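Accompanying notes for the structure given below.
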There are 2 protein chains.
Amino acid sequence: MAETGTQGGETLLFLTDEQLRKGIEAMFFAYRGFTADPDRILDQHGYGRAHHRAIHFINRQPGLTVTTLLAVLGVTKQSLNRVLRTLIEDGLVENRVGRRDKRERHLYLTPAGEALERELSGAQRERMRSAYRAAGPQAVAGFRQVLEAMIDPDMRRHYQMMKDGG
Amino acid sequence: MAETGTQGGETLLFLTDEQLRKGIEAMFFAYRGFTADPDRILDQHGYGRAHHRAIHFINRQPGLTVTTLLAVLGVTKQSLNRVLRTLIEDGLVENRVGRRDKRERHLYLTPAGEALERELSGAQRERMRSAYRAAGPQAVAGFRQVLEAMIDPDMRRHYQMMKDGG
DNA sequence: CTTGGAAAGTCAACAAGGCTGACATAAAAT
DNA sequence: ATTTTATGTCAGCCTTGTTGACTTTCCAAG
């Protein structure tokens with residue numbers, strides 16, 4: 001009760017424009033670090049960030065349909081198709097006709113696709129792990145809380161779907 | 001000492017691949033939310049994300065030189081120049097010859113530039129503020145800690161320069 | 001004072017990865 | 001039988017990144 005200018009015992013200084021600006025810039029610079037290692041690897045293989053995203057989510061949810069992947073990635077089918085086509089041609093992704101609904105195509109990583117996925121996610125996890133370790137478990141919990149609150153409501157269901165496995 | 005499988009009294013479960021993967025996906029979806037509002041505004045004005053980044057840092061550090069901005073943004077001068085040229089032509093950015101070193105050009109926002117900057121950062125801060133408020137001050141502290149640990153060492157000095165009020 | 005290098009700008013060409021619009025096919029649903 | 005859905009494709013456009021080559025201006029060191 002010695003504090004002044006507080007509400008519910010918590011100061012609101014973390015909501016100042018200055019604090020928000022710092023968070024915005026941290027987000028900008030951190031995202032660059034976040035993508036830097038995969039970008040290097042992708043470059044060696046002649047792929048780009050768009051290929052990584054497709055590979056990531058196909059690995060995460062093997063057998064998802066093109067429409068689902070489209071919704072998760074939030075791009076047009078023409079844009080995704082360009083990427084998906086090269087991955088299929090190169091033998092990293094497989095395209096199986098749906099059993100129940102034969103219009104659907106279910107996407108799977110081939111062993112080669114899984115190998116690239118491991119290479120990419122390994123590098124990305126390494127940086128993440130190092131940041132987590134440096135910050136500690138409590139900071140990590142806060143990190144996730146804020147990020148999840150930033151996700152667009154329309155996208156949150158996709159995030160949850162992936163997060164909760166399956 | 002009643003705990004098992006712990007080190008220094010802290011569990012290491014937050015470093016599992018599964019936890020890291022969730023962090024990676026949260027980062028992916030959150031960054032999309034992070035850029036969504038400014039992107040809509042930029043689109044109305046006929047600009048792109050590259051213009052936003054330039055405007056942001058010029059506003060943050062008025063009078064910075066082209067070389068500095070180049071280093072902060074991490075793009076080539078040809079790429080930046082294309083963006084900068086349109087901003088100058090449109091009267092949002094001003095380009096002053098350096099007093100000490102006349103080779104340098106110092107960048108400033110015009111009143112019109114400042115108006116757009118406020119519109120953009122206002123929208124971005126609103127989302128950030130809402131996420132901060134939902135997560136609380138302790139989570140915000142953790143959020144910043146993890147993000148800062150993710151920043152590439154080469155980039156950290158630029159982040160610090162901006163952060164500490166350049 | 002000359003010369004080398006730094007700061008800025010420009011031209012051309014290219015690539016990745018977004019977008020729209022139009023259209024085709026197969027299969028499911030009505 | 002008809003309509004709708006899922007997928008795929010073609011063509012063309014835009015933004016924003018890249019390389020490489022070259023110029024002008026100006027500072028600084030010899």
Side-chain angles (χ1 to χ4, degrees), chain A residues 28 31-32 35-36 38-58 63-90 93-108, chain B residues 28 31-32 35-36 38-58 63-90 93-108:
Chain A
F28 170 72
Y31 197 77
R32 284 244 295 267
T35 56
D39 281 354
R40 271 189 289 275
I41 294 167
L42 288 158
D43 199 58
Q44 294 167 5
H45 292 258
Y47 295 123
R49 217 174 272 182
H51 300 86
H52 185 190
R53 292 196 279 261
I55 287 172
H56 174 95
F57 287 110
I58 295 172
L64 46 43
T65 64
V66 173
T67 302
T68 304
L69 185 53
L70 237 31
V72 170
L73 295 177
V75 297
T76 59
K77 72 178 167 182
Q78 294 92 328
S79 197
L80 174 59
N81 212 260
R82 194 162 34 197
V83 162
L84 224 40
R85 186 161 33 185
T86 72
L87 290 174
I88 291 169
E89 281 170 1
D90 295 355
V93 167
E94 200 189 338
N95 206 344
R96 297 188 205 152
V97 173
R99 295 184 317 284
R100 290 196 327 221
D101 187 334
K102 290 179 195 164
R103 290 172 305 178
E104 294 180 342
R105 297 301 137 94
H106 298 268
L107 302 169
Y108 299 87
Chain B
F28 170 73
Y31 197 78
R32 283 243 297 268
T35 55
D39 281 354
R40 271 189 289 273
I41 295 166
L42 288 158
D43 199 58
Q44 293 167 4
H45 292 257
Y47 294 123
R49 217 175 271 183
H51 300 86
H52 185 190
R53 292 196 279 261
I55 287 172
H56 175 96
F57 287 110
I58 294 171
L64 46 41
T65 65
V66 173
T67 303
T68 304
L69 184 53
L70 238 29
V72 170
L73 295 177
V75 298
T76 60
K77 73 178 166 183
Q78 294 90 329
S79 196
L80 174 59
N81 211 260
R82 195 161 31 197
V83 163
L84 224 40
R85 186 162 31 186
T86 72
L87 290 175
I88 292 169
E89 281 170 1
D90 295 354
V93 167
E94 199 188 341
N95 205 343
R96 298 187 204 153
V97 173
R99 294 184 317 283
R100 290 194 330 221
D101 187 334
K102 290 179 195 164
R103 290 171 304 179
E104 294 179 342
R105 299 299 138 95
H106 299 268
L107 303 169
Y108 299 87

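Naming convention: chains lettered A, B, ... in sequence-line order (proteins, then strands); numbering from 1 in each chain. Because only heavy atoms are used, hydrogens play no part in the values below, and waters and symmetry mates are left out as well, while side chains stay in. These numbers were taken from a predicted model, which means no experiment stands behind them.
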Could you tell me the separation between the [atom1] atom of [X] and the [atom2] atom of [N], rounded to a whole number of Å?
X	N	atom1	atom2	result
B:L107	C:dA7	CG	P	14 Å
B:L73	D:dG17	CG	P	8 Å
B:N81	C:dA7	CG	C1'	12 Å
B:E89	C:dG9	CD	P	12 Å
B:L42	C:dG18	CG	P	18 Å
B:L64	C:dA7	CG	C1'	14 Å
B:L80	D:dT15	CG	P	16 Å

For the atom pair [atom1] ([X]) and [atom2] ([Y]), what is the distance rounded to the nearest 0.5 Å?
X	Y	atom1	atom2	value
B:L64	B:L70	CG	CG	11.0 Å
A:E94	A:R105	CD	CZ	12.5 Å
B:H106	B:R100	NE2	CZ	7.5 Å

So among B:V75, B:L80, B:L73, which one has a side chain to side chain contact (heavy atoms under 4.5 Å, CB included) with B:R53?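 For B:R53, the side chain to side chain contact (heavy atoms under 4.5 Å, CB included) test succeeds with only one of B:V75, B:L80, B:L73, which is B:L73.
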Among A:V83, A:L42, A:I41, find the residue that satisfies the side chain to side chain contact (heavy atoms under 4.5 Å, CB included) test when tested with A:H52.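 When A:V83, A:L42, A:I41 are each tested with A:H52, the side chain to side chain contact (heavy atoms under 4.5 Å, CB included) holds only for A:L42.
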What pairs with A:R40 under salt bridge (charged side-chain N to carboxylate O under 4.0 Å, His left out), at least two apart in sequence or on another chain? A:D37
Which residues pass the salt bridge (charged side-chain N to carboxylate O under 4.0 Å, His left out) test with B:D39, sequence neighbours left out? B:R49
Applying the Watson-Crick and G-U criteria (both distances under 3.5 angstrom) with [ ] for crossing and | for other-strand pairs, one obtains for DNA chain C ||||||||||||||||||||||||||||||
Note: contacts of residues 96-106 of chain B with DNA chain D (heavy atom, under 4.0 Å) are B:R100, B:D101, B:K102, B:R103
Sugar-phosphate only, base, or nothing, as touched by A:D39 at under 4.0 Å among non-hydrogen atoms: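 No contact.
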Touch class at under 4.0 angstrom, heavy-atom based, for B:N95 against every strand present: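 Sugar-phosphate contact only - B:N95 comes under 4.0 Å of backbone atoms but never of a base.
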Could you check whether the rings of B:H51 and B:Y47 sit parallel, tilted or perpendicular, using 30° and 60° as the cut-offs? tilted
Students often mix this up, so state it plainly: with edges at 30° and 60°, are the rings of B:F28 and A:F57 parallel, tilted or perpendicular? tilted
Interface with DNA chain C, restricted to residues 44-56 of chain A and to heavy atoms under 4.0 Å: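 Result for residues 44-56 of chain A: A:G48, A:R49, A:A50, A:H51, A:R53, sorted by number.
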Taking atom types as they are modelled, is there a donor-acceptor pair under 3.5 Å from the base of C:dG18 to the side chain of A:R82? yes
Does any non-hydrogen side-chain atom of A:L84 lie less than 4.5 Å from one of A:I58?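 Counting from C-beta outward, A:I58 and A:L84 do come under 4.5 Å.
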Can you check whether A:R85 has a side-chain N or O nearer than 4.0 Å to OP1 or OP2 of D:dC10? yes
Scan side-chain atoms only and decide if B:T68 and B:T65 contain a donor-acceptor pair under the 3.5 Å cut-off. yes
At their closest point, which heavy atom of B:V97 faces which heavy atom of B:K102, and how far apart are they?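 Here B:V97 and B:K102 meet closest at CG1-O, 3.4 Å.
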Short heteroatom pairs, N/O only, protein and nucleotides 19-23 of chain D, under 3.5 Å:
| from | atom 1 | to | atom 2 | distance (Å) |
| --- | --- | --- | --- | --- |
| D:dG20 | O6 | B:Q78 | NE2 | 2.7 |

